[in-house]
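Working notes, structure below.
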Amino acid sequence: MRSDLITILKKELRIIKRRDFILGIMMPILILYIIGNIVGTGVKSSVEEITSEGINVIVICADPAPENVNAFLSVLAIINSSQEEGVKIYNIRLVKSAPTNTSIEDLWRSLSEYQDNITALINRIYVIGEVHSGNPPEDIIRNYLSHEADVVIYVPENFTWDVLLGKSTNVYTYYKSPEDPFSMFGNVKSGAINQFITLLGKTLNYFIIAKYYPGFPPNFVYNPIVEHPYTYYKGKIIAGSPEELFGTLGAGFIIPIMMFLLATYATTTAASNMGEERENKTLETLLTLPVRRRNIVIGKVLGMIVVATIMAVFYIFGLVLYMKSLMNSIAEENISIIGLTGMSDIFTVKGALLLGASIVFTAGIGAMIGLIIGSFSDSVRTASTISSLVVMPLALPAFFFMYVPIRLSDPKLYLLMLDPFMNTIIIMKGLFANNIMICLISISYLLGIFLALLYVTARLFNSERVILGGFKKKSILKRSLHMGSVRIKI
Amino acid sequence: MKIAVEVKDLVKKYKNFAAVRGISFEIREGEIFGLIGPNGAGKTTTLRIIATLLKPTSGNVKVFGYDVIKESEKVRELISYLPEEAGAYKDMTGMEYLKFMAEVYGIDDQDAIKRALEIADLGPDIYSKIGTYSKGMVRKLLLARTLMTRPKFAILDEPTSGLDVINAVRIRNIIKNERDLGTTFLISSHNMLEVAYLCDRVAIIHKGRIFEIGSPEDLMKKYDANNLEEVFQKVVRSFEE
């Protein structure tokens, strides 16, 4: 390698030491980490708040069935008594206390008696306050919700009757609106009440199972099957679900984002770099130095490859950090963000070489597109804007890969292969599927594009176009007035 | 005396506009040659062609026998070019910039850096970021960069633009001194006093054509003028008539 190339490369890599570059990569990581923690901690503290303070639930029971035979009150009593000491999820307050010592047998015996006497009891209406049969008493509900209640559950008059007839029965839930409707966690309480209603239903089912299948374990009905997942992977059976083994984010998520970032950073950074050379009026001097023009291009391209790779890796690190901080705050145990099972097959020597080469070529192609755009731009801003417009349609199909499963045999794959920024993903797929042929086709195509662009860029740098810029349609007189930062003086 | 630069029938057209219309001149080795003319005369285009930045439409230019088109890399090894509106890398300190340039030219002797520091005369500011420099400070740094390598041929477009009188005089003396040490200079300037003081010979260029070449003294005698400004006015007037 010629020493002038190393000198140019060193110059281009100075960007890494720049404060704006360091801030540019550190800030998003910090922000993602903070957001992850805030979101995670927010959810966690909301759940903790519910657990420690509980939700104030007022139950208005309009069911006329007496306490000892009332289906709703009986299951409520069991839930209340089964709540762990010190962990209050529901602070349930009834206007009339329910029997807490009701056994399943007692309950069903009573219910049977109740059923026998149902015609006698039918006209008795269990009234709380001014409750009338028919519509829920909204005045009373409003009164509770305006004071201590978070939720009011209205149990209609036919609740027990429906249970006895084997019909789905109803409850009406009235929630207080969240204290802070702008908070993401304002609706956590309604979620908890949904679970409570489900619990009520389940408890009721316990009674039914106990009655009709005495001695049969009710737990079996609810959890008849416990899954023990295994994954078949390349001839091996590995314990764990694919999600556990291949991660929550997985290669299908991380790699397309990484390639998107790599392509956009390489292109926009190179374009800005050329825009900066123009804006700071350093380009003319650079091009008269005793350095081969080809080496100026190669030095810039290599510099941009390193810079873009660093940026992409740091951003992915930030994303993983975000997911980890978010998930770790919510869940107690560690959650696998990126499973390494799939990766281990890709990071063989052959795989690493293919992948490394494709990343270098992809970033290099982006850098050269950026250099060409930058050569025709009059300022950093113009260069950045145009390069973003050009690179987006080329880099966005990476997300297509994330959501649309494409098999290696699919002809659409070859269409995507035409887009140079997609080839690293195709190579990863090929490595994963042990399809070396597709990897070789892809890497050859990338190499071809890389060399062709290198030739075009070197030619551009050897021509006067790089000095004159790309304002072909304007007359030279107009150009002489102001051609960006490079004035054409004649 | 040997010929350092040979410009023959040089034409440069941009689309339908001819910026340079067949100019010819020679620069002798070890002389300071000035190119004087109004805005739009074709000075910068000529300098850029000699510096290998632009390609002539026709004609040829040789620097120490090397063709600027066919042997541009060889030419770039011999020249040092200071554009009129040049800048430097703002994220480098003055010292880092000089060291980078020394590395590019493959110079590792401390004398070149010392010489550059003397020419730049920036004191402790040489260790500050170039982004904090004034226009004059940047110009001094760039002049130091151009001359630090003791090039065989230096092309200076408006060398003292943006400098105060004291610094301009100092730089002129440095240029003369470097000429005495063997560097050949091509200077473009609007400042006729500067050209008269500095240049051994000058060429008067107007609308892409050269009208006169000679030493300032000879030209003043020929046009019966007290200074180069008068010479210039008389030449342009005769052309207009």
Side-chain angles (χ1 to χ4, degrees), chain A residues 2-12 14-21 273 276-296 299 461-468 471-490, chain B residues 12-20 39-55 72-92 96-97 100-106 130-131 138 142 145-146 149 151 155 157-158 188 207-208:
Chain A
R2 280 174 62 98
S3 63
D4 57 0
L5 173 58
I6 295 169
T7 310
I8 296 295
L9 178 60
K10 270 169 28 189
K11 175 183 99 65
E12 300 307 336
R14 288 183 55 81
I15 189 174
I16 295 167
K17 287 201 281 182
R18 267 162 60 165
R19 230 176 304 167
D20 55 346
F21 177 81
N273 174 282
E276 234 171 73
E277 293 267 18
R278 263 186 198 291
E279 213 169 82
N280 295 338
K281 301 177 180 85
T282 50
L283 187 63
E284 276 189 76
T285 306
L286 180 70
L287 294 174
T288 54
L289 296 178
V291 179
R292 287 183 186 191
R293 296 276 171 90
R294 190 186 57 206
N295 284 352
I296 293 177
F461 270 66
N462 255 323
S463 74
E464 61 183 27
R465 181 57 58 203
V466 76
I467 289 291
L468 297 176
F471 298 87
K472 291 176 191 168
K473 288 179 183 169
K474 289 187 181 176
S475 74
I476 188 62
L477 284 173
K478 276 182 184 172
R479 254 190 280 162
S480 71
L481 289 172
H482 187 250
M483 203 205 76
S485 55
V486 178
R487 276 171 187 273
I488 300 294
K489 282 183 60 198
I490 49 175
Chain B
K12 179 64 186 174
K13 284 182 184 170
Y14 299 104
K15 292 267 174 177
N16 300 321
F17 179 82
V20 176
N39 288 335
K43 299 190 301 289
T44 298
T45 299
T46 308
L47 261 52
R48 282 177 163 184
I49 291 170
I50 298 170
T52 76
L53 286 171
L54 297 180
K55 292 185 169 44
S72 58
E73 278 176 20
K74 270 277 172 208
V75 172
R76 285 198 283 271
E77 283 173 16
L78 302 172
I79 64 165
S80 196
Y81 173 52
L82 176 68
E84 185 191 353
E85 288 186 17
Y89 300 107
K90 290 178 180 174
D91 59 322
M92 290 185 183
E96 284 169 342
Y97 182 71
F100 163 67
M101 286 298 172
E103 209 176 314
V104 168
Y105 280 91
I130 295 169
V138 172
L142 291 173
R145 189 277 300 167
T146 312
T149 56
I155 306 163
D157 198 351
E158 302 287 348
S188 150
K207 295 193 175 174

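Numbers restart at 1 for each chain; the letters A, B, ... are given by sequence-line order, proteins then strands. These figures come from a predicted structure and were not determined experimentally.
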Problem - From B:Arg145 atom CZ to A:Thr285 atom OG1, the distance as rounded to the nearest 0.5 Å - result: 5.0 Å

Problem - Interatomic distance, B:Glu84 atom CD to A:Glu284 atom CD [nearest 0.5 angstrom] - result: 10.0 Å

Exercise for the section: Look up atom CG in B:Leu54 and atom OG in A:Ser463, then write down how far apart they are to the nearest 0.5 Å. Expected result: 10.0 Å

Problem - Check ion pair B:Arg48-A:Glu464 (N to O, under 4.0 angstrom) - result: no

Exercise for the section: Locate the shortest heavy-atom distance separating B:Arg76 from A:Leu287; write the atom from each residue and the value. Expected result: CD-O, 3.2 Å

Problem - chain A contacts, top residue of B:Val104, B:Ile155, B:Asn16 (heavy-atom pairs, under 4.5 Å) - result: B:Val104

Exercise for the section: Apply side chain to side chain donor-acceptor pair (under 3.5 Å) to A:Thr282 and list each qualifying residue two or more places apart in sequence or on a separate chain. Expected result: A:Glu277

Exercise for the section: Among the options A:Ile15, A:Asn462, A:Leu286, A:Thr288, pick out the one with the most heavy-atom pairs lying under 4.5 Å from chain B. Expected result: A:Thr288

Practice task
Among A:Lys11, A:Lys17, A:Arg14, find the residue that satisfies the salt bridge (Lys or Arg N to Asp or Glu O under 4.0 Å) test when tested with B:Asp91.
Solution key: A:Arg14

Exercise for the section: Could you tell me whether the side chain of A:Asn280 reaches within less than 4.5 Å of the side chain of B:Tyr89, counting heavy atoms only? Expected result: no

Fill in the blank from the handout: Whatever's closer than 4.5 Å to a heavy atom in chain A on B:Met101 counts as side chain

Exercise for the section: Would you mind reporting whether A:Arg293 and B:Thr52 have side-chain heavy atoms less than 4.5 Å apart? Expected result: yes

Exercise for the section: Please state whether the side chain, the backbone, both or neither of B:Glu73 comes within less than 4.5 Å of a heavy atom of chain A. Expected result: side chain

Handout entry: Side chain, backbone, both or neither of B:Lys207 within contact of chain A (heavy atoms, under 4.5 Å)
Key = neither

Completion exercise
Cut-off 4.5 Å, heavy atoms of chain A, and the answer for B:Ala88 is backbone

